[in-house]
There are 2 protein chains.
Amino acid sequence: MGRAPQALRSSQSGPGRPRERHVDDDILTATRELLAEVGFERLTMTDVAARAGVGRPTVYRRYPSKEALVAASVEALRRDEPAPDTGTLCGDLRAELLPRAPAFGHPLVLQFLAMLLVSNAERSEFAEVYWRDAVAQRRDAFGEILVRAQARGELAVDADVDLLTDVVAGTVIYQILRPVGARTESLEGRLERLIALLCSMLGRLERD
Amino acid sequence: MGRAPQALRSSQSGPGRPRERHVDDDILTATRELLAEVGFERLTMTDVAARAGVGRPTVYRRYPSKEALVAASVEALRRDEPAPDTGTLCGDLRAELLPRAPAFGHPLVLQFLAMLLVSNAERSEFAEVYWRDAVAQRRDAFGEILVRAQARGELAVDADVDLLTDVVAGTVIYQILRPVGARTESLEGRLERLIALLCSMLGRLERD
DNA sequence: ATGATACGTGACAAATCGTAACGTATATGG
DNA sequence: CCATATACGTTACGATTTGTCACGTATCAT
């Protein structure tokens, strides 16, 4: 019986030489940079190691595969601060979306969504996890905004919040997926106009 | 100066042995089958050639790369019949979407969208072409439905059809992208409920 | 000091892509 | 019929990348 392979032991302090602390961040940063530059396909472990200034086996000691490395590099920068309650549906949507608009346009986001879609199409075990941790979480943020609006009376009490959430989430993600060359205006500008439209549409649902 | 490389000459009849006619379809069919089964990553030219019953160079004589082969295999099955004018916005949306719902759930559609997203993220030259030929065309179908509805008076004359089209297209594509395991109901059923919701929301816009 | 582990270097097998060299088969044109 | 040109299959090849391994050295706990 060999020893446990590829154990992640960054934080435990057993016997032996401890891992260089800066190396973990160097590897993840190099991965993110290269991912944004050349994409998942053309990202090679050799390049990651070279840019991080480490040897290739050092990368493999931390992550068993290229997929795991990239997944970890993307997950490490995901932070989800809950959107503030601005008091109105329209304000909540704007507060949720507009500050994130620049991030939505970042190459890394597109790369992540592409990986997610590939995993999804391949029915990989990662697909649902990625979806739940990234996309579904944002979708639920919209859902909470709609529930608050419903509690305020901005939305009809019999409105189907689940379906409406799909409308909002779908509209937003569609803007992110759209190729840059196929956009007629800036992502921020279009998102702002779409928010206004959605507010208007959602508000009208209460007149029943 | 060598001869022109990789010329596609399926239909021209020059001197020399003509290409086996069945081979073209065999290769594209094998590609589609394998693409749906294992995805783009794990699809290999060797497997394609084996399943098509031809040698590997025969595949390369027709398509210069794996990407070109897969692109051709997917493009070959795209046909866009215009949706009929049913006389109502809701009917048009149903007629446009429900017959295609089973196709939307097919693995090949997911694979194609995943490839499109990867190309997009890598800023590949194919991204905009794929988007225009596949996604944008469907989006425009929604746009035409909305324009017809506007002409009928079902939609406010000052409604922003371009933005509304994004709402409809985004809502639909979001359902397609959602992982199977993250779905709470069948794709057809949810699409049907979303269509009803969208009809209701869009119709209310005229009360201005 | 000893043992365990991390690190870098270098080498390695396996898979895959795309190309090339052959021999054979099948068309056109004389 | 014969020459030419091309398609096809088989086999082999180089290049790239992935992931592993062996080795020597460095660094920690005990």
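The chains referred to below are lettered A, B, ... by the order of the sequence lines, with proteins before strands, and numbering in each begins at 1.
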Discussion item. Once you apply a heavy-atom cut-off of 4.0 Å, does Leu43(A) come out as touching a base, just sugar-phosphate, or nothing?
Written reply: sugar-phosphate
Rounded distance in Å - [atom1] ([X]) to [atom2] ([N]):
X        : N       : atom1 : atom2 : answer
Arg21(A) : dC28(D) : CZ    : C1'   : 12 Å
Arg17(A) : dT5(C)  : CZ    : P     : 14 Å
Glu41(B) : dA15(C) : CD    : C1'   : 13 Å

Can you check whether [X] has a side-chain N or O nearer than 4.0 Å to OP1 or OP2 of [N]?
X        : N      : answer
Arg19(A) : dA6(C) : yes
Arg62(A) : dC7(C) : yes
Thr58(A) : dG8(C) : yes

Worksheet item: So which nucleotide from dG19(D), dG8(C), dC8(D) ends up closest to the side chain of Tyr60(A)?
Response: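 That would be dG19(D).
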Worksheet item: Which listed nucleotide (dT17(D), dA5(D), dC17(C)) is nearest to the side chain of Pro15(B)?
Response: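 From the listed options, dA5(D) comes nearest.
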Closest heavy-atom pair and its distance - [X], [Y]:
X         : Y         : result
Ala159(A) : Gln150(A) : O-NE2, 3.4 Å
Pro179(B) : Glu128(A) : CB-CG, 4.1 Å
Tyr174(B) : Arg139(A) : OH-CD, 3.0 Å

Worksheet item: For Arg56(B) and Val23(B), take the nucleotide of DNA chain D holding the closest heavy atom to each; which residue's nucleotide lies nearer the 5' end?
Response: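 Its nearest nucleotide being more 5', the pick is Val23(B).
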Fill in: Ion pair check, Glu185(A) and Arg193(A), cut-off under 4.0 Å
yes
